[in-house]
Asker: 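Starting off with a structure, shown below.
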Amino acid sequence: MRTDGNRRAFAPAHPTADDDWPEPIEIINEAGASPVVLLCEHASNFIPPRYHGLGLAQDDLCRHIAWDIGAAAVTRALSRALDAPAFLATASRLLLDLNRPCESPTAMPERSEDTDVPGNRDLTTAERALRIERLFTPFHDRIAAHLNARRKAGRTTQIVTIHSFTPVFHGEARPWHAGVLFGAAETFGHAMIAALCRDDSLIVGENRPYDIDRASDWSVPVHGDDRGLAAVLIEIRQDLLADDAGVAEWASRLAGAIPAAVSAL
């Protein structure tokens, strides 16, 4: 385990001398005073060198198929602004999508959007199990341990997971500036939408551009709904996070909207 101030990452099980796996989770400000716990499952586009980019060009690894562009930067800024703990992924969603059930065909996709992923073709059972052991299990176990500790300490908790989405999908423009996705936490979801829509220039989608589905989502249903915790997933359109100014604007906007939504619970 390595420690760097209030930012910590935990080593994978069974490291070897030539281990090129990332540490499976980055934790920022775990002792933060906020009732909000931030998650960012698609924070990184890193793929261990042993996988040779899963057979993709470097340009592809910089696209949305590999990570949620801008989401990690917004999450880090929100952690500072809210004094909130944040848990971020350290490997590409192409290697293993941490917001999918492991049995989902999109967890280790052979094709993502319009792009084939050669390194995910015909994966063996052993390879799938290795990725789950190295990435999925330690990531979600560490979040579960944090949530358990908060409950034991009697702390109120809401979960907000930060994502971003492409402005155009399969040739269809998406009009929303942001979306708020939720399952059981309707009150929290509607309060978040209302808080964001105080800026009447914004188009905010309810369960858009996706919706929460237990067959294809993990964090909101498992860490949130199953525990009885209010949980939402926030999607921000990626062209709005294209530079530092855009990231700062959306982090500031959410730093105001999230406490307002929490106060409505």
Side-chain angles (χ1 to χ4, degrees), residues 1-2 8-28 38-73 75-76 86-144 161-166 169 210 213 215-220 222-223 233 235 238:
M1 183 178 71
R2 294 204 301 264
R8 294 190 291 163
F10 288 78
H14 316 309
T16 62
D18 60 348
D19 202 316
D20 62 0
W21 284 87
E23 296 174 340
I25 187 166
E26 178 187 356
I27 303 176
I28 302 173
L38 299 169
L39 308 182
C40 190
E41 304 95 325
H42 301 156
S44 174
N45 64 349
F46 176 77
I47 295 175
R50 71 179 68 192
Y51 289 100
H52 303 287
L54 296 172
L56 296 172
Q58 187 59 40
D59 285 351
D60 287 325
L61 297 178
C62 293
R63 292 169 49 207
H64 175 69
I65 63 171
W67 62 334
D68 278 5
I69 297 165
T75 302
R76 291 188 176 99
F87 298 80
L88 294 85
T90 58
S92 172
R93 63 192 297 175
L94 290 175
L95 195 66
L96 176 58
D97 192 321
L98 296 176
N99 196 39
R100 302 282 186 272
C102 293
E103 65 274 14
S104 168
T106 60
M108 304 175 213
E110 293 187 17
R111 185 175 178 84
S112 183
E113 297 182 10
D114 60 352
T115 303
D116 290 328
V117 185
N120 283 347
R121 192 177 299 129
D122 300 323
L123 293 178
T124 65
T125 299
E127 174 59 29
R128 290 180 176 274
L130 176 65
R131 297 187 192 184
I132 292 167
E133 177 195 11
R134 291 290 183 135
L135 299 174
F136 188 93
T137 299
F139 183 84
H140 287 293
D141 281 359
R142 192 64 189 81
I143 293 168
T161 177
I162 304 296
H163 292 247
S164 66
F165 66 96
T166 56
F169 185 69
Y210 315 104
D213 180 347
S216 58
D217 289 274
W218 187 266
S219 292
V220 166
V222 173
H223 292 308
L233 186 156
E235 292 272 5
Q238 285 175 4

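Side chains are part of it too, since the values below use all heavy atoms of this structure and drop only hydrogens, waters and symmetry mates.
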Asker: Please report the shortest heavy-atom distance between P24 and F139, naming the atom on each side.
Answerer: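 Taking every non-hydrogen atom into account, O-CD1, 3.6 Å.
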
Asker: Is any side-chain N of the basic residue among R134 and E23 closer than 4.0 Å to the acidic one's carboxylate O?
Answerer: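 Not counted as a salt bridge, because no side-chain N and carboxylate O are separated by less than 4.0 Å.
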
Asker: Rounded to the nearest 0.5 Å, how far apart are NE2 of H64 and OG1 of T166?
Answerer: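 So the gap between those two atoms works out to 5.5 Å.
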
Asker: Do R76 and E26 have side chains that get closer than 4.5 Å, going by heavy atoms?
Answerer: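 A side-chain contact exists here, since the closest heavy-atom pair is under 4.5 Å.
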
Asker: Can you name the closest pair of heavy atoms from I162 and C40 and give their distance?
Answerer: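 Closest heavy-atom pair between I162 and C40: O-SG, 3.7 Å.
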
Asker: Looking at side-chain heavy atoms only, is the closest gap between T161 and V220 below 4.5 Å?
Answerer: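 Yes, side chains in contact.
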
Asker: What is the distance from atom CG of N99 to atom CG of D217, rounded to the nearest 0.5 Å?
Answerer: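 Answer rounded to 0.5 Å: 5.0 Å.
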
Asker: Specify whether H140 and W218 have parallel, tilted or perpendicular ring planes, treating 30° as the upper limit for parallel and 60° as the lower limit for perpendicular.
Answerer: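 The arrangement is tilted - the two ring planes meet at 30° to 60°.
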
Asker: Test side-chain hydrogen bond (donor to acceptor under 3.5 Å, both in side chains) on R131 and N120; report intermediate values, then the result.
Answerer: CA-CA 11 Å; R131 297 187 192 184; N120 283 347; 2.8 Å; yes

Asker: Inspect the contact between R63 and D114 and indicate whether a charged nitrogen and a carboxylate oxygen are less than 4.0 angstrom apart.
Answerer: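 Looking at R63 together with D114, the answer is yes, because their closest N to O distance falls below 4.0 Å.
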
Asker: Could you tell me whether the side chain of L38 reaches within less than 4.5 Å of the side chain of F87, counting heavy atoms only?
Answerer: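 F87 does not reach L38 side chain to side chain.
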
Asker: Find out whether Q58 and C62 are in side-chain contact, i.e. whether some heavy atom of one side chain is under 4.5 Å from a heavy atom of the other.
Answerer: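 SC-SC contact between Q58 and C62 confirmed.
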
Asker: Would you compute the distance between atom CG of L96 and atom CD of E127 and round it to the nearest 0.5 angstrom?
Answerer: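 Separation between the atoms: 10.0 Å.
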
Asker: Is it true that a side-chain atom of D68 and a backbone atom of S164 form a donor plus acceptor pair closer than 3.5 Å?
Answerer: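 Answer holds: yes.
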
Asker: So does D116 pair up with R121, basic N to acidic O under 4.0 Å?
Answerer: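 No, D116 and R121 are not salt-bridged.
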
Asker: Could you tell me which non-hydrogen atom of S44 sits nearest to which non-hydrogen atom of A89, and how far apart they are?
Answerer: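 For S44 versus A89, the nearest heavy atoms are CB-O, 3.8 Å.
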
Asker: Would you check if there is a donor-acceptor pair between the side chains of S219 and E41 at a distance under 3.5 Å?
Answerer: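 Yes, S219 and E41 have a side-chain donor paired with an acceptor closer than 3.5 Å.
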
Asker: L39 and T75: side chain to side chain contact (heavy atoms under 4.5 Å, CB included), yes or no, with the steps?
Answerer: CA-CA 8 Å; L39 308 182; T75 302; over 6 Å; no

Asker: Enter the distance from T90:OG1 to L98:CG here, rounded to the nearest 0.5 Å.
Answerer: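 With rounding to 0.5 Å, OG1 (T90) is 8.0 Å from CG (L98).
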
Asker: Please determine whether side chain to side chain contact (heavy atoms under 4.5 Å, CB included) holds for the pair F136 and R100, giving the CA-CA distance in whole Å, both sets of side-chain angles, and the decisive distance to 0.1 Å.
Answerer: CA-CA 9 Å; F136 188 93; R100 302 282 186 272; over 6 Å; no

Asker: Side-chain contact test, heavy atoms from C-beta onward, threshold under 4.5 Å: evaluate it for D20 versus Y51 and give yes or no.
Answerer: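 D20 does not reach Y51 side chain to side chain.
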
Asker: Using 0.5 Å steps for rounding, measure from the NE2 atom of H52 to the CD1 atom of I47.
Answerer: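 Nearest 0.5 Å value for the NE2-CD1 distance: 11.5 Å.
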
Asker: Which pair of heavy atoms, one from A43 and one from W67, lies closest together, and at what distance?
Answerer: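 The answer is O-CE3, 3.4 Å.
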
Asker: Would a 4.5 Å heavy-atom cut-off, applied to side chains only, mark I27 and R142 as touching?
Answerer: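 The answer is yes, as the side chains (C-beta and beyond) meet within the 4.5 Å cut-off.
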
Asker: Can you confirm whether D97 sits close enough to M108 that some side-chain heavy atom of one is under 4.5 Å from a side-chain heavy atom of the other?
Answerer: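 No, their side chains stay 4.5 Å or more apart.
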
Asker: Grab the two heavy atoms, one from A91 and one from P22, that are nearest each other, plus how far apart they are.
Answerer: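 Reported closest heavy-atom pair: CB-CG, 3.9 Å.
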
Asker: Would you say P109 and L94 make side-chain contact, with heavy atoms under 4.5 Å?
Answerer: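 Yes, at least one pair of side-chain atoms sits under 4.5 Å.
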
Asker: How long is the gap from CD1 on I69 to CG on N45, to the nearest 0.5 Å?
Answerer: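 So the CD1 of I69 and the CG of N45 are separated by 8.5 Å.
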
Asker: Considering all heavy atoms of both residues, which atom of I65 and which atom of L56 are nearest to each other, and what is their separation?
Answerer: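 Looks like CD1-CD1, 4.4 Å.
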
